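Keep in mind that what you see is a predicted model, and the values were worked out from it rather than measured.
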Amino acid sequence: MQTETHPLLTSLNPEQQRAVVTTDGPVLVVAGPGSGKTRVLTHRIAWLLEQKEAPPESILAVTFTNKAANEMRERIRRLVSDTAASGLVMGTFHSLGVRILRQNPYRAEELIDLKPNFLIYDTADQLNVAKEAIIHERMDPKQIQPRRMLSGISHAKSEMKTPADVTNDAMSYDQELLARVYHEYERRLRDLNAVDFDDLLTLPLRLFDADPRILEKYQAQFRYIHVDEYQDTNRVQYVMVTALAEVWQNLFVVGDPDQSIYAWRNADITNILNFQDDYPETIQINLELNYRSTGHIVQAADRLIRENRDRIDRPIRTMNPDGDMIMLRELSDQNHEASFIVDEIRRLTQSGRTRPDHVAVMYRTTAQSRVLEEAFRRSEVPYRIIGGLRFYERKEVKDILAFFKLLYNPADRIGLERIIDNTPIGRGFGPRAMEVLLDWAREHQRSPVDGLVSMAPSISPRFKDVSPPEITGSARKAAERIGATLAILQERREKSTLSELFDEIIEVSEYREQFRNGAEDDLQRWSNVQELRTDMERFDTLDPSEALTQYLESVSLVSDVDAMDEGDAGQVTLITLHSAKGLEFPVVFIAGVEEGLLPISRAIEAEPFDRKPLEEERRLFYVGVTRAERQLYLTCATSRISYGRFANSEPSRFLAGIPAEAMKSVTRRDSVGSARTGRFSGRQSGSLASRVQAPVSFDPPSSNEPMHVLPEFKVTQRVFHPKFGSGLITEVTELKNDVELAVEFQRHGKKRLMASLANLEIVES
DNA sequence: GAAAGTGGTCTTTTT
DNA sequence: GACCACTTTC
């Protein structure tokens, strides 16, 4: 066939080629890690544009993050041309949902009661609404946790259950409570003209139901539909995809059941497992050859994932050389762990072969990033943290954004309360006044912002026909002031760019007042505020009426990974295992490979009744391991501080799945471990590996304090200090109850330390 | 009403 | 150990 020689196909293996040229009908690509699925997706879309002459807007590609979408678009551009690729519809399910809602503003208002200027609430906003709903239902937010309720609501929404459905299906008292809270939560969201993340998926479907012609429009448009990371889609997403693909049936999904790590977010793995049943015509293509990682890494990954019972056996393999051994290193505590990682990265980068941006440090919980970050900060190794507290979730940033959101959507009472509570403008306006204002708003069917504006001293004839809210006493002045300020801002909004509006907001809100003290974190927070202004300048070229909509939308939909800036390379990446999905790095460290952390304790607790969470943890580890191209380090600590107290931990059971030939273990040999387990001489390396490969024993949980028996220190011995890093002992002085040591540290020079206090660890040579 | 102090909860992971 | 919500004090 002549297709064999087409330039778009030359760089692909036969299976990849087949995936690219099979353009008609349903296709399921089961793609192991590093098997080139992004390559397949980009080449296929290029193929559609070029060979099939498909118009770009007929091609939809749904990815897991917007970053992935942008990168794919870039790569397609390079394969075809800028113009040919513009107009492709690419993004996450959530951005697709917003797109559908925004493209049908009038129908959305008419049919699902969603006004065009709706806001997308983030988790903190949702929490506020949920809490209000709980109180309104006469429950106690301390007993009925808002987070629990939200997770129940999210679960219901991802299965497209309405509050009425939940009420009808309720099998327990808890579910009845959930139904009541859900009902009130929904009522409140609509009242606030706001939506949550799940609504971005369910509301478009409700719109389709209410007016099938809208759906038909999209069905006709999207002739070729692609879904990446299909194993992590949930029920609503499945329904949306199925609906959109119904006419053309050209549905191309890519995924890997072994990399499904979002069941907790209601992802439903049966979507991918049953794809063949849904579409009997399906052509399935398996990509199993790994191009990313060394032989040792691929072997380790293959072996460890085989431990999962609930799994279809599908080996991964590679033709790459074995490469370096995987390094397993046990350390005494989290500080040593962090210092080890930083020192090792420094060693790697000093050799010149590895650049800092080749390296990623991954961990199970965001809490682990703090200690790691401290170690990086002390060193000169540049780093960046993905995730944690997002920029847009910082208090000072949210405060300022609340003004923009309120100008955009005056019904945003939650935002108004935020402004009044947190910024100088709200001084003197207490809960009592708020109550009067909200009563007024309800009674007159107008927004609270209107109420305040109508109280401003010299105000427009807009409010001639309504009597302003009867706020009396000292709060009256405050209300008038707030009203006047909001009126000014509303007027400016029409003709100002976002950054002009920003300056105006800072001025009238006197927001800077709070940062006058000049304390260090005040400076930091003020610089965040200024960074927000810079961020907004990106949208200054847009028409003012469009800019605010687009900006607020972009703010709501960025993920942590989206915020990863390709520009500032040269930094080590610190990232959670979940966020690392889809990424790759030459060198990967996975920290905290311990029982209780990876697998997380909840999964261990659930295991006797439900194996699934534990298997998902193993898949998460698998995802981490397969991010590494040529070097993989696994670290664990013998004891670790969590919740502010010490706790001992065991190496993860998952390590038992890694073949000994692929992994080298370096164990601790100070006495914390041996005092506890009594079988930890550590004389020969590899003892840890033999231990973790033994069946897991049922040791009772050890006491909370680690026992400190001093190791034997000798001159010329290499040691490790949590703050100073690694060094050599140059002098040992025996004292009555202690040992005084002189240590020459690599970076901090010579220090004299008391062995009992220094928390030194002996490094195996 | 603001600032300082106190006690309870929390950490799994995120679009 | 950090954060939040709530109380006390001025």
- Range on DNA chain B touched by chain A - first to last nucleotide, heavy-atom distance under 4.0 Å: dG1(B) to dT15(B)
- Which pair of non-hydrogen atoms, one from Glu594(A) and one from Ala637(A), has the smallest distance, and what is that distance? OE2-N, 2.7 Å
- Please report the closest heavy-atom contact between Arg378(A) and Ser339(A), naming both atoms and the distance. NH2-OG, 4.2 Å
- Query: Between Tyr551(A) and Tyr408(A), does the ring centre distance come in under 6.0 Å?
  - Reply: no
- Message: For Ala475(A) and Val558(A), find the nucleotide of DNA chain B closest to each by heavy atoms; which residue's nucleotide sits nearer the 5' end?
- Response: Ala475(A)
- Query: Starting at the 5' end of DNA chain B and moving along, which residue's nearest nucleotide shows up first, Gly428(A) or Phe93(A)?
  - Reply: Gly428(A)
- Item | Ranges pairing with ranges for DNA chain B, where each run has three or more Watson-Crick or G-U pairs under 3.5 Å | B:1-10 with C:1-10
Using atom types as modelled and distance alone, determine if a side-chain donor or acceptor of [X] lies under 3.5 Å from a backbone N or O of [Y].
X: Gln237(A); Y: Asn234(A); result: yes
X: Glu615(A); Y: Lys612(A); result: no
X: Asn70(A); Y: Lys67(A); result: no

- Task: For the pair Tyr262(A) and Phe64(A), name the ring-plane relationship: parallel under 30°, tilted 30 to 60°, perpendicular over 60°.
- Result: tilted
- Query: When the ring planes of His94(A) and Phe197(A) are compared, do they come out parallel, tilted or perpendicular, using 30° and 60° as the limits?
  - Reply: perpendicular
- Would you call Arg653(A)-Glu307(A) a salt bridge at under 4.0 Å N-O? no
Just to be sure I understand the rule, does [X] reach a base, reach only the sugar-phosphate, or reach nothing, if contact means heavy atoms closer than 4.0 Å?
X: Thr65(A); value: nothing
X: Ser579(A); value: sugar-phosphate
X: Arg147(A); value: sugar-phosphate
X: Glu229(A); value: nothing

- Starting at CD of Gln334(A) and ending at P of dG1(C), how long is that distance when rounded to a whole Å? 10 Å
- Separation of dA2(C) atom P from Gln368(A) atom CD, nearest Å, is 17 Å
